[in-house]
Participant: 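This structure is in structure tokens; I'll ask about it shortly.
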There are 2 protein chains.
Amino acid sequence: MKGKIAIPRTTIERLPLYYRCLAKLDKMDIEVISSKELGERIGVPSTQVRKDLSYYGEFGRRGVGYEVKLLLKNLERILGLNNHWPIVLVGAGNLGRALVNYEGFRKLGLEIKAVLDTDLNKIGNSISGITVQSIKNLKEVVEKYNIKMGIIAVPAASAQQVADQLVSVGIKAIWNFAPTRIIVPEDVKVKNEDLSVGIIGLVYHLARNE
Amino acid sequence: MKGKIAIPRTTIERLPLYYRCLAKLDKMDIEVISSKELGERIGVPSTQVRKDLSYYGEFGRRGVGYEVKLLLKNLERILGLNNHWPIVLVGAGNLGRALVNYEGFRKLGLEIKAVLDTDLNKIGNSISGITVQSIKNLKEVVEKYNIKMGIIAVPAASAQQVADQLVSVGIKAIWNFAPTRIIVPEDVKVKNEDLSVGIIGLVYHLARNE
DNA sequence: TAGATTGTTAATCGATTAACAATC
DNA sequence: TAGATTGTTAATCGATTAACAATC
């Protein structure tokens with residue numbers, strides 16, 4: 001393990017894949033796995049698996065492989081999944097509703113604590129037991145639940161404004177589903193989950209092979 | 001422009017960003033833009049913009065910049081957005097419903113022509129005017145509308161099975177929202193839009209800065 | 001012409017992978 | 001021990017960026 005060298009962005013992006021694969025292996029009661037097998041399951045070479053993990057420590061046994069439970073625990077810690085993370089969601093449209101119902105969250109220690117919107121027609125509605133509140137309550141709910149993560153599921157036109165509000169109440173991580181780039185201070189991390197970009201990439205490949 | 005050199009994966013990923021930015025500029029009646037300005041708007045250096053575009057041709061005028069309408073038209077052609085692309089969606093859950101209602105599609109020439117599911121409770125329901133059909137009708141609808149693109153919005157456990165069915169009826173591009181890797185023949189392009197991977201990356205950064 | 005900006009080459013930077021000593 | 005597999009170094013590969021001639 002190296003102390004100083006920056007961890008490649010691509011390595012960090014693969015960690016969730018290792019994590020999920022190991023969780024599955026553990027469920028199947030598989031106790032030990034080699035970097036070769038693990039790599040095959042997620043589609044990367046064994047050297048890549050070993051290199052990626054080496055940035056965080058030595059988790060394997062030479063000649064044997066990696067103990068699934070042990071590596072899983074370590075990845076959980078590295079990824080921050082041993083904590084509970086409350087979330088505020090802004091935007092109670094179709095996508096917002098889908099996200100509230102997304103089963104993947106709770107399993108990861110994530111929980112949408114509040115759903116906010118500006119639309120008076122939506123405020124007061126219930127989504128899977130959560131009442132949609134006015135965006136005016138943002139500060140209140142963020143403080144109440146000690147929320148650090150926000151989801152933007154509003155139209156592109158209001159995304160920046162929502163981002164500004166989130167930043168102003170101390171949100172440090174934003175998952176942005178609006179199809180636009182949002183500008184935030186350096187210490188706030190943004191993950192753009194831009195659906196139209198994803199599908200345009202697919203169309204590109206389709207068009208090439210016609 | 002080079003004929004032989006492979007176009008970097010990262011360049012292809014940026015094309016949709018250029019496209020969307022130019023569409024916005026065109027709407028604002030901006031007629032000419034430099035690589036510097038375009039780059040600033042999407043967060044890449046001007047050299048990157050010029051290099052990326054150079055893989056496809058020469059679209060600018062030295063000393064002047066890029067004519068917005070002209071470059072937009074070219075990107076539209078390059079990305080395959082000048083065609084109409086019918087889509088079949090498998091999975092009528094929350095996410096499926098959100099996708100059917102996603103406004104971004106039609107603007108790109110994309111249209112969900114049919115929604116399929118295995119769940120008898122969902123078959124027959126109407127989602128924004130589209131009646132959910134049995135997966136058994138897959139072959140029929142794909143042939144009827146000449147569909148080449150499929151969306152998987154089913155649980156991880158059935159994703160591979162759905163992928164196999166899509167491949168067997170001639171689908172060439174799959175947008176996979178299930179949180180699992182699907183295995184398909186080489187000539188089928190898969191775009192994984194794995195929400196839990198995205199959010200784990202955010203949690204990682206949050207956990208680091210605490 | 002003088003200033004601006006493209007398209008492209010070459011240098012740099014960063015990520016992947018091959019190779020192998022360490023060791024179970 | 002013999003076979004297997006890790007962790008790490010060094011080589012390779014691919015992408016980004018600096019520099020600049022071409023030219024509007």
Side-chain angles (χ1 to χ4, degrees), chain A residues 1-18 21-22 25 30-75 78 201 204, chain B residues 1-18 21-22 25 30-75 78 201 204:
Chain A
M1 179 188 180
K2 298 300 169 48
K4 287 289 164 182
I5 290 176
I7 296 168
R9 187 184 44 78
T10 45
T11 290
I12 296 167
E13 286 169 8
R14 279 187 293 269
L15 295 181
L17 303 177
Y18 298 135
C21 185
L22 286 160
L25 290 166
I30 290 168
E31 293 180 359
V32 174
I33 192 155
S34 67
S35 57
K36 185 158 173 292
E37 277 181 273
L38 184 53
E40 273 165 12
R41 281 172 180 271
I42 67 165
V44 302
S46 67
T47 34
Q48 184 110 76
V49 174
R50 298 201 299 280
K51 182 83 180 163
D52 284 343
L53 296 176
S54 77
Y55 289 108
Y56 299 96
E58 303 191 3
F59 306 114
R61 288 180 68 196
R62 291 168 195 236
V64 179
Y66 298 88
E67 201 189 312
V68 172
K69 271 193 203 305
L70 181 71
L71 184 52
L72 187 60
K73 275 286 163 209
N74 274 289
L75 279 171
I78 291 163
Y204 173 88
Chain B
M1 180 188 179
K2 296 299 167 47
K4 287 289 166 184
I5 291 176
I7 295 167
R9 188 183 44 76
T10 45
T11 290
I12 296 166
E13 286 170 8
R14 279 187 294 270
L15 295 180
L17 303 178
Y18 298 135
C21 185
L22 286 159
L25 290 167
I30 290 168
E31 293 181 357
V32 174
I33 191 157
S34 67
S35 58
K36 186 157 173 288
E37 277 181 274
L38 185 53
E40 274 165 13
R41 280 172 180 271
I42 67 165
V44 302
S46 67
T47 35
Q48 184 111 74
V49 174
R50 297 201 299 279
K51 182 85 180 159
D52 284 343
L53 297 175
S54 77
Y55 290 107
Y56 299 95
E58 304 190 2
F59 306 113
R61 288 179 70 195
R62 291 167 193 233
V64 179
Y66 298 89
E67 201 190 312
V68 172
K69 271 193 200 307
L70 182 71
L71 184 52
L72 187 60
K73 274 288 162 207
N74 274 289
L75 278 171
I78 292 163
Y204 173 88

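Letters A, B, ... mirror the listed sequences (proteins, then strands); counts begin at 1.
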Participant: Which whole-number value in Å describes the distance from B/F59 CZ to C/dT6 P?
Facilitator: 14 Å
Participant: Name all residues meeting the side-chain hydrogen bond (donor to acceptor under 3.5 Å, both in side chains) criterion together with A/T10; count only those two or more places apart in sequence or in a different chain, and write none if there are none.
Facilitator: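 Applying side-chain hydrogen bond (donor to acceptor under 3.5 Å, both in side chains) to A/T10 gives none.
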Participant: Which residues satisfy the salt bridge (Lys or Arg N to Asp or Glu O under 4.0 Å) test with B/E31, sequence neighbours excluded?
Facilitator: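 Partners of B/E31 under the salt bridge (Lys or Arg N to Asp or Glu O under 4.0 Å) test: none.
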Participant: How sharply is the helix from C/dG3-D/dC24 to C/dC24-D/dG3 bent, taking the axes over five pairs at either end and rounding to 10 degrees?
Facilitator: 10°
Participant: Using side-chain hydrogen bond (donor to acceptor under 3.5 Å, both in side chains) as the criterion, list what pairs up with A/D52, not counting sequence neighbours.
Facilitator: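 Checked A/D52 against side-chain hydrogen bond (donor to acceptor under 3.5 Å, both in side chains); matches are A/T11, A/R14, A/Y18.
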Participant: Using 0.5 Å steps for rounding, measure from the CD1 atom of A/I7 to the OH atom of B/Y204.
Facilitator: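 That separation rounds to 4.0 Å.
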Participant: Test of understanding: with side-chain contact (heavy atoms from CB on, under 4.5 Å), list the residues that count as partners of A/V64, not counting sequence neighbours.
Facilitator: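 side-chain contact (heavy atoms from CB on, under 4.5 Å) list for A/V64, sorted by chain: A/V32, A/R61.
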Participant: At under 4.0 Å between heavy atoms, how does the protein contact nucleotides 16-24 of chain D? Give one character per nucleotide, 5' to 3', with B, S or -.
Facilitator: SBBB-BBBB
Participant: Which residue pairs pass the side chain to side chain donor-acceptor pair (under 3.5 Å) test with at least one member in residues 65-74 of chain B, sequence neighbours excluded?
Facilitator: B/D26-B/K69, B/N74-B/R77
Participant: Just the rounded figure in Å: distance from C1' of C/dG14 to CD1 of A/I12.
Facilitator: 13 Å
Participant: List in chain and number order the residues that pass side-chain hydrogen bond (donor to acceptor under 3.5 Å, both in side chains) with B/S34, two or more places apart in sequence or in another chain; answer none if no residue qualifies.
Facilitator: none
Participant: Find the distance B/R9:CZ to D/dG14:C1' and express it as a whole number of Å.
Facilitator: 10 Å
Participant: Which salt bridge (Lys or Arg N to Asp or Glu O under 4.0 Å) pairs, counting each pair once, include a residue from residues 35-45 of chain A, with sequence neighbours left out?
Facilitator: A/K36-A/E40
Participant: For DNA chain C, which residues of residues 35-43 of chain B approach it to below 4.0 angstrom with any heavy atom?
Facilitator: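 Contacting residues: B/S35.
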Participant: Flag the pair A/F59 / A/I78 as yes when at least one side-chain heavy-atom distance between them is below 4.5 Å, and no otherwise.
Facilitator: yes
Participant: Of all heavy-atom pairs between B/V68 and B/L22, which one has the smallest distance, and what is that distance?
Facilitator: CG1-O, 3.6 Å
Participant: If I take atom CG in residue A/L15 and atom P in nucleotide C/dA15, what distance separates them, rounded to the nearest angstrom?
Facilitator: 13 Å
Participant: Find the distance A/I33:CD1 to D/dT5:C1' and express it as a whole number of Å.
Facilitator: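 Taking CD1 of A/I33 and C1' of D/dT5, I get 13 Å after rounding.
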Participant: Taking all heavy atoms of A/S35 and all of A/V49, pick out the closest pair and write down the distance.
Facilitator: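 The pair with the smallest heavy-atom distance is O-CG2, 3.8 Å.
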Participant: Does a side-chain N or O of B/Y56 approach OP1 or OP2 of C/dG7 to a distance below 4.0 Å, or not?
Facilitator: no
